[in-house]
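In what follows, a single structure is set out as structure tokens and then discussed.
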Number of protein chains: 4
Amino acid sequence: MTGASGTPARGGGRERIIAAATDLFAGQGYEATTTRQIAEAAQVTKGALYHWFDSKQHLLVCVYRDLLAEQTGRLAVIASADAPVERRLHDAAADLVGHIADHFEPLTVWARSMHLLDGEHASHIRADRRRYHETFRGLLVEGQAAGVVRTDVSASVMAHGFLSTVGNIHTWFREDGPLSRHEVGTQLVALFLDGLRPREELIPVRPAGPASSAPPA
Amino acid sequence: MTGASGTPARGGGRERIIAAATDLFAGQGYEATTTRQIAEAAQVTKGALYHWFDSKQHLLVCVYRDLLAEQTGRLAVIASADAPVERRLHDAAADLVGHIADHFEPLTVWARSMHLLDGEHASHIRADRRRYHETFRGLLVEGQAAGVVRTDVSASVMAHGFLSTVGNIHTWFREDGPLSRHEVGTQLVALFLDGLRPREELIPVRPAGPASSAPPA
Amino acid sequence: MTGASGTPARGGGRERIIAAATDLFAGQGYEATTTRQIAEAAQVTKGALYHWFDSKQHLLVCVYRDLLAEQTGRLAVIASADAPVERRLHDAAADLVGHIADHFEPLTVWARSMHLLDGEHASHIRADRRRYHETFRGLLVEGQAAGVVRTDVSASVMAHGFLSTVGNIHTWFREDGPLSRHEVGTQLVALFLDGLRPREELIPVRPAGPASSAPPA
Amino acid sequence: MTGASGTPARGGGRERIIAAATDLFAGQGYEATTTRQIAEAAQVTKGALYHWFDSKQHLLVCVYRDLLAEQTGRLAVIASADAPVERRLHDAAADLVGHIADHFEPLTVWARSMHLLDGEHASHIRADRRRYHETFRGLLVEGQAAGVVRTDVSASVMAHGFLSTVGNIHTWFREDGPLSRHEVGTQLVALFLDGLRPREELIPVRPAGPASSAPPA
DNA sequence: GATGAATGAGTATTCATTCAT
DNA sequence: TATGAATGAATACTCATTCAT
């Protein structure tokens, strides 16, 4: 009813604004997206936009949180499943990678714009991210206790390492490259899981000569 | 020693501008940094800034290239050294991590702002990055040929994975955390190198039950 | 006892809105106060606010009139009392000053915002103010006729002078200063009443040298 | 050169902006004046306006300070003249009143808009006003010491009283009234100076009956 | 080599007000 | 009697960039 266009505008204002913002932020970045564009895409007035959201930043936060909430929910299910740690670890990694493969563009926003949020808003997001991170790290700690995950590397470093690798795929992945999204995902998961194993399981591959800096082991 | 350019570095305008821009871009991001701030920090006028650089983007490119050039130079030395691949791989990873530990903030820019460059400028940077990436990847390919690096994961994916993990440390590393920069670096290198090994070297750790999604192996 | 209207004051929306608006207008000025703030402070919705009042200006007028009505009522009682003019003059001045001491902030609005009202609304207020002013001035004219108030200064100027002095106390009075509200009030009244006396009662104090501009006497 | 209009635009941008702002603020109030209007009136672009002034408030402060500086300068000359206090007091009052008569509208701004300034800006103005006030009060204190000004009323109250009376003439003075600006001014000065005299000089006029509230002496 | 005044198109945000329910 | 979603026009302010000197 708002617009004069023929496109039916289903759903309440708030929903449509979130949807429009998600698309635009993902497509052209947060900074390059204007409130005018969002309002037009959502077929509401700029006034309505500010009726529902305090600011553009607030809107960004809401977009984030919706995305994060889903991911966190999925992780919670996997982490608390009735299965051995190594199985759950694998599933968590695979699910994250799969989820990202499916929500590729929206998640790009997340990686690129968070540093633009001011303290107030950033802390909300950070809290949500922390929750995800903690659950993931919990799995690794559990694995260390069970002896299936190496203990010479901090669980936190492992979690951060994997999460940021995966969260930055958008940086280099090319849809027209030799590998599909899912192939890349599978390979990253393999890489990660294998790097995780306790050192005792490995037949060590030592650098031959004297190490220039910190030598491994 | 910042630049490789022939311009004398006698505290002249150009040098100071690059230095100021590097700091500001690193600290608050490219988008959030204004030319005014750069000019003030460099103690030059805005006019002078445009005397030396064509545009803000041009400035960003210059900041990048100086940074990248150094890193690429170091990698070239390591990659072409007379040592076994595994040794050179280790050294390359360790050096990158060490270099980042030392140039922590400046390198943040690199991760966050590249998508903002327009075609003209982006291609220059991309070429430089590609050069680094290719050298690194070359090492992995060499390793695969020598049988010390797994072949079931694309060398490109391995390179991108490690490079983006390392390039995003700034996202989560806390100076006041339990681990020092160098400890974190060492652990990341270990994680990476161990994930790299050919699968035959491993005593496999199989998920116990039936896999919910793509099972490993 | 705030309003003279017939509306029952059972904490209904209207009363609460007036009260909230009075506080806010006094505290931050009419212009700087938003309808949103008023609605929130009155714990009603913005819709309800517009149910009771035609516009923000209408609300301002209502705030004024309540305030002025009380003051005008008190003045009427004093002016028509059975007492010599000088007594009634003194009482009028003292009462105004006392009243202001008690309703310090609300009356601030009055001084600052009247010029913002449009013709329609302004004339209502102006009529009310005029009524107050006229009564006060009537007292002075009466005093002039009785020979207890100087006639070389227009009664209107005297009235305006005192009224605006008193109406601007809020500009400079500091609760934590050396004098209390009532001390300041008493001194202003004395100053005013003494300035009022016929010149013949005075032993003139002449400027010694030749006057640079209009010399007194 | 800036505009395309035929009106010659003499003077630098900054001067013209101040002049235009002064006129507009005086004519329609600070809040009702838009930066667009100011820029157009000054025949500069809005950008130029912000080149010279940090904000609209900053501009207001500059307008104020120019006005205040002149008034303060004049007062300083009078106060330090080689003449008896009563003469200098008279001259100061007369000069202020005369100055206001001549700069009627610009000074209106000052009275109406100061409460809109935020802390930072307000304090600059307040400091300037204080300086004026202090000099004026100094004259009264001197008068008290010399025995020509009453001591039962605080010099500060006298100064504030007169200054705010005079500063609010714009509230009620009508160009088309029976008295001219200068007549009104002269009368206010007389009223003030006579209210100032030591009480001993007066043949007291006592309220006849018992006082309803605080009786004078 | 360097200045600094000027530009102008663009941005997020505000806010009194309306109206279907 | 009251709601609250929606409006739309207006506003202060930003900022990369230019150019005469």
Side-chain angles (χ1 to χ4, degrees), chain A residues 1-3 12-14 16-17 30-39 42-59, chain B residues 12-14 17 30-39 42-60, chain C residues 7 12-14 17 30-39 42-60, chain D residues 1-3 12-14 16-17 30-39 42-60:
Chain A
M1 303 100 191
T2 307
R14 192 169 197 282
R16 284 217 308 285
I17 293 167
Y30 171 80
E31 293 261 281
T33 302
T34 70
T35 54
R36 182 194 234 266
Q37 287 176 314
I38 298 169
Q43 285 176 281
V44 298
T45 60
K46 238 172 5 170
L49 195 157
Y50 279 90
H51 177 65
W52 291 109
F53 303 94
D54 295 339
S55 65
K56 199 182 158 191
Q57 290 215 2
H58 180 209
L59 186 45
Chain B
R14 192 170 197 282
I17 293 167
Y30 171 80
E31 307 127 288
T33 303
T34 69
T35 53
R36 183 194 232 265
Q37 288 176 313
I38 298 169
Q43 285 175 291
V44 299
T45 62
K46 247 186 335 183
L49 194 155
Y50 277 87
H51 179 69
W52 291 108
F53 301 94
D54 297 339
S55 66
K56 197 183 162 193
Q57 289 216 1
H58 180 211
L59 187 45
L60 177 57
Chain C
T7 316
R14 192 171 197 281
I17 292 167
Y30 171 80
E31 306 126 290
T33 302
T34 69
T35 53
R36 182 195 234 265
Q37 287 176 314
I38 299 170
Q43 287 176 289
V44 299
T45 61
K46 249 187 333 184
L49 194 155
Y50 277 87
H51 179 68
W52 290 109
F53 302 93
D54 296 341
S55 66
K56 197 183 161 191
Q57 289 215 3
H58 180 212
L59 187 46
L60 177 56
Chain D
M1 305 103 189
T2 306
R14 191 169 198 283
R16 284 218 308 286
I17 292 167
Y30 171 80
E31 292 262 281
T33 303
T34 68
T35 53
R36 181 194 234 267
Q37 287 177 314
I38 298 170
Q43 287 177 279
V44 297
T45 60
K46 239 176 0 176
L49 194 155
Y50 279 89
H51 177 65
W52 291 109
F53 302 94
D54 295 340
S55 65
K56 200 182 158 190
Q57 290 216 3
H58 180 211
L59 187 44
L60 177 55

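In this text, all values refer to a predicted model and were calculated from it rather than measured experimentally. Below, chains carry the letters A, B, ... as their sequence lines are ordered, and counting in each starts from 1. The figures here come from the full heavy-atom set of this structure, side chains too, leaving out hydrogens, waters and symmetry mates.
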Please report the closest heavy-atom contact between D:A42 and D:R16, naming both atoms and the distance.
O-NE, 2.9 Å
Applying side-chain contact (heavy atoms from CB on, under 4.5 Å), name anything that partners D:Q37, two or more places apart in sequence or on another chain.
D:L24, D:Q28, D:T33, D:T34
C:A48: partners by side-chain contact (heavy atoms from CB on, under 4.5 Å), with sequence neighbours left out
C:V44, C:T45
What interatomic distance, in whole Å, is found between P of E:dG1 and the corresponding atom of F:dT21?
22 Å
Could you pick out which residue, A:A32 or B:T45, lies toward the 5' side of DNA chain E when each is mapped onto its nearest nucleotide?
B:T45
For D:I38 and F:dA10, give me the distance from atom CD1 to atom P, rounded to whole Å.
18 Å
Could you pull out all residues at least two apart from C:H58 that satisfy side-chain contact (heavy atoms from CB on, under 4.5 Å)?
C:F53, C:D54, C:S55, C:C62, C:H121
Does D:H51 put a side-chain nitrogen or oxygen below 4.0 Å from OP1 or OP2 of E:dA5?
yes
In this structure, how many angstroms lie between the C1' atom of F:dA6 and the CZ atom of A:F53, rounded?
14 Å
Holding to ring-ring contact (aromatic ring centres under 6.0 Å, His included), I want the full list of residues that pass it with B:Y30, two or more places apart in sequence or in another chain.
B:F25
Kindly give the heavy-atom pair with the smallest separation between D:L49 and D:L59, and that separation in Å.
CD2-CD2, 4.3 Å
Please convert DNA chain F into dot-bracket. A pair counts if it is Watson-Crick or G-U wobble with both distances under 3.5 Å; crossing pairs go in [ ] and bases paired with another strand get |.
.||||||||||||||||||||
Under the salt bridge (Lys or Arg N to Asp or Glu O under 4.0 Å) test, residues paired with D:R36 that sit two or more places apart
D:E40
Protein proximity profile, nucleotides 16-21 of chain E - base contact B, sugar-phosphate-only contact S, no contact -, cut-off 4.0 Å on heavy atoms:
BBB---
Nucleotide F:dT11, atom P - distance to CG of D:L49 in whole Å
14 Å
E:dG4, OP1 or OP2 - any side-chain N/O from D:W52 closer than 4.0 Å?
no
